[in-house]
Amino acid sequence: MIPTIAQPRALRLAYGAYVIAFFVYLALPLAVVAVFAFNDSQFPSLPWEGFTWAWFFGQDRPMIGVFHERAILRAIATSGIVAVAVSALSVAVGLSNAFLFNRYQFPGKGLLYVLMLLPLVIPGIVLGISILVFSSTLANGVWDAAHIDIQMLRPGLVLVILGQFSFIATIATLVISARLQKFDPTLEEAALNLGAGRLTAVRTITLPYLAPALIGAFVVAFLMSFENFNTTLMLVGSDAPLTIAMFDRLKEGSTPLLNAVSLLLMLGSSLLALVMILFQRRS
Amino acid sequence: MQGGTRLGFVLLLTPLLLWLGLLIVIPHIDMFLVSIKERVGVGEYDTSLANYGTFFAETLYLWTFLRTAVMSILATAITLLIAFPVSYYIAKIAKGRLQSALFLLCLVPFWVSELVRTFGWMILLRETGVFSSLLQWAGLADQPVEMLYNDAAIMVGLVYTSMLFMVVPLVTTLESLDNAVIEAGYDLGGNGFSVLREIVIPHAMPGIVSGCIVVFMLSLGNYLTPTMLGGKDSLWFTELIYAQFIVRFNWELGAAFGFMLLILSSVIVWATLRLTGQTLRDTLG
């Protein structure tokens, strides 16, 4: 069934209708979340009570908007810090891994490569509990041996960052490797012939070539970290990132405040994705 | 070892080993060690398989485990069935601008947190939700209809949440299929169905396998969707793990549960790869 092969008109129409129905299905949940952010009511549901900006800018109870809700703002900041840390770590380790797997032949390479892929097929919640168990084994061991309590090994932001990093690093590695594979090594050799040192050659030739992949990997890592739920849920301490804070509120019952936060999230991540696409098209 | 120096090699190898060792391998070994501990007194533990015994002896645990596996497989199959025609349309029928626009549209919902997507389905499906109101308004129902908190709602959420991970590999593999091959199939007397079965599906197999593996993993390990859309009786295995770890503080049993989930997912992924003759490296790497 391709355009060059004639098909009955009814079949073509039915196919088109199916595809349209699919995209409606994709858009529907996001559309209702966005629309009800502007409903002048205590609940994100019908009937429509009129249009309002209060869930964004409202200052008085019961309609406190996102921009005046301390807890949500703090959770957004927490998520931002975690996401930047996770992305920076993942891109750094991913870059190092990409060079290792591309440039070196060594015994055990195949095994290490498969091991590097494994975090993608381990359920996020299992990653979370295994790191939780191991870090408290360590913390308890240190306590028993020296009576020092290492706070960063207890559930909290450090563990959240490490937990998210443990699988996002794989994705960063794959993204950066894919571009490094396409790199023409003779360019680097030319630089060496022209008298550059090895590090200079990598810094001035290879890294600029990798820049789109590095930025792509950073943005993907940032978004994945920002929206991560499963691993974070098991490792979170008292500072809840945004997804956890929203989950706690959603369990208690929802107000359009959550819709407003969600809409901002949608706008933010679309903007980031758009910037990334534009940047990659330019280079 | 071409080009690089020994020092460079060690410097590049260290982060990889630290990452995989400290965050993946050792924690899983430690989790296994915890799972074979049995509490016999205050602060006293014996090595035994008692936790695994509990898992197999308690019908609720075993039932939840099997139910999660079966529903995840079902969700994967449904996702594949829904995604395949759409991916084929994007890869083979849509052209130029429309093609890239449709592909991008598929990606957009997944840049948003899973929480937001689940929240959207809650607004649609719940008793005071949009669908219920529309049904009443259209006169098809005379009282609010609760569509949340059942298996169908969980299924809708799971399929929605993992759609992207099926569409992207399918579109990628289908795009690489030469139209001339399809035309040849028709020229040789094939019809739509036989061309699909003999040419398109075999060619798309790597994409189908990698999509299925990822979707299955995501469904199996999902906590949010079953909890929010399935309610209290959703009986998803990850909820048991969460309950043992965070609510009951019984880490030994929770670790055993975690290990069972890991074994289940590994076995199914391995079996899928074996049955279809693919390798993990080709599917994910």
Side-chain angles (χ1 to χ4, degrees), chain A residues 1-5 18-19 22-23 26 28-30 32-33 36 44-46 93 96-97 99-100 103-106 112-126 129-131 133-134 137 162 166 169 174 223 227 229-230 233-234 243 246-247 250 258 262 265-266 269-270 273, chain B residues 1 3-4 9 12-13 15-16 19-20 23-24 26-28 30-31 34 82 85-86 89 92-93 105 108-109 111-117 119-121 123-124 128-130 133 160 179 182-183 186 192 217 220-221 223-224 228 238 241 245 251 254-255 258 261-262 265 269 280-281 284-285:
Chain A
M1 203 196 238
I2 44 176
T4 46
I5 303 219
Y18 174 78
V19 173
F22 174 81
F23 282 100
L26 276 196
L28 204 55
L30 301 182
V32 291
V33 168
F36 282 111
S45 59
L46 290 171
V93 173
S96 151
N97 292 345
F99 271 99
L100 182 72
R103 298 285 170 89
Y104 291 90
Q105 298 301 331
F106 53 96
L112 269 184
Y113 192 80
V114 170
L115 205 59
M116 187 274 296
L117 291 176
L118 273 190
L120 290 186
V121 288
I122 300 174
I125 208 159
V126 175
I129 55 172
S130 67
I131 291 174
V133 166
F134 178 52
T137 305
L162 288 176
S166 71
L174 292 178
L223 289 172
E227 67 168 88
F229 183 80
N230 284 350
L233 180 71
M234 304 309 298
T243 42
M246 285 175 73
F247 176 67
L250 204 51
L258 288 179
S262 306
L265 274 181
M266 286 185 223
S269 43
S270 315
Chain B
M1 206 182 287
F9 174 69
L12 291 176
L13 189 64
L16 179 75
W19 160 43
L20 293 176
L23 292 176
I24 307 293
I26 300 176
H28 281 89
D30 194 38
M31 185 174 84
V34 168
I82 294 180
V86 175
Y89 193 92
K92 287 280 150 225
I93 296 183
L105 269 180
V108 168
W111 289 118
V112 190
S113 162
E114 184 187 353
L115 192 90
V116 176
R117 290 176 248 153
F119 183 38
W121 281 109
I123 297 177
L124 286 170
T128 54
V130 174
S133 304
Y160 185 85
N179 279 352
I182 302 178
E183 281 163 15
Y186 279 101
M217 296 297 315
L220 196 67
Y223 174 82
L224 195 62
M228 301 313 289
T238 48
I241 298 179
F245 263 89
W251 284 22
L261 189 69
L262 196 60
S265 65
V269 168
L280 187 66
R281 195 182 175 128
L284 295 175

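Numbered from 1 within each chain, the chains take letters A, B, ... in sequence-line order.
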Legend entry - Chi angles and distances behind the side chain to side chain contact (heavy atoms under 4.5 Å, CB included) call for B:Leu12, A:Arg103: CA-CA 10 Å; B:Leu12 291 176; A:Arg103 298 285 170 89; over 6 Å; no

Legend entry - A:Phe99, part contacting chain B, at a heavy-atom distance under 4.5 Å: both

Inset, instruction - Please state whether the side chain, the backbone, both or neither of A:Leu265 comes within less than 4.5 Å of a heavy atom of chain B. - result: side chain

Legend entry - Contacting moiety of B:Trp251, where chain A heavy atoms sit under 4.5 Å: side chain

Legend entry - Partner chain B: residue of A:Leu28, A:Leu115, A:Leu162, A:Ile129 with the largest heavy-atom pair count (under 4.5 Å): A:Ile129

Legend entry - Max heavy-atom pair count under 4.5 Å with chain A, selected residue of B:Tyr89, B:Tyr223, B:Trp19: B:Trp19

Legend entry - Student check: side-chain heavy atoms of A:Leu112 and B:Leu13 closer than 4.5 Å: yes

Legend entry - Residue B:Leu16 versus chain A: region with a heavy atom under 4.5 Å: both

Inset, instruction - Heavy-atom distances under 4.5 Å only: say whether A:Phe22 touches chain B with side chain, backbone, both or neither. - result: side chain

Inset, instruction - Could you tell me which of A:Pro119, A:Ala169, A:Ser130 has the largest number of non-hydrogen atom pairs under 4.5 Å with chain B? - result: A:Ser130

Inset, instruction - Between chain A and each of B:Gly221, B:Ala255, B:Ser113, count heavy-atom pairs under 4.5 Å; write down the option with the most. - result: B:Ser113

Inset, instruction - Could you look at A:Leu223 and say if it's the side chain, the backbone, both or neither that has a heavy atom under 4.5 Å from chain B? - result: side chain

Legend entry - Residue, of A:Leu30, A:Val114, A:Leu258, that accumulates the most heavy atom pairs under 4.5 Å with chain B: A:Leu30

Inset, instruction - Look at the side chain of B:Asp30 and the backbone N and O of A:Thr137, then say whether any donor-acceptor pair between them is shorter than 3.5 Å. - result: no

Legend entry - Interchain contact, B:Ser265 with chain A, by part (heavy-atom threshold 4.5 Å): side chain

Inset, instruction - Could you check if a side-chain atom of A:Asn230 sits within less than 4.5 angstrom of a side-chain atom of B:Thr238, using non-hydrogen atoms only? - result: no

Legend entry - Residue part contacting chain A, namely of B:Ile24, when any heavy atom lies under 4.5 Å: side chain

Legend entry - Minimum heavy-atom distance between A:Val32 and B:Gly120, given as atom pair plus value: CG2-O, 3.8 Å

Legend entry - Test log, rule side chain to side chain contact (heavy atoms under 4.5 Å, CB included), inputs B:Val86 and A:Tyr18: CA-CA 8 Å; B:Val86 175; A:Tyr18 174 78; 3.6 Å; yes

Inset, instruction - Check the pair A:Val126, B:Met31 against side chain to side chain contact (heavy atoms under 4.5 Å, CB included), reporting the backbone distance first and the verdict last. - result: CA-CA 9 Å; A:Val126 175; B:Met31 185 174 84; 3.8 Å; yes

Inset, instruction - Heavy atoms only: give me the nearest B:Glu114-A:Glu227 pair and the separation to one decimal. - result: N-OE2, 4.0 Å

Inset, instruction - Determine the option with the most heavy-atom pairs under 4.5 angstrom with chain A, choosing from B:Val34, B:Leu224, B:Leu262. - result: B:Leu224

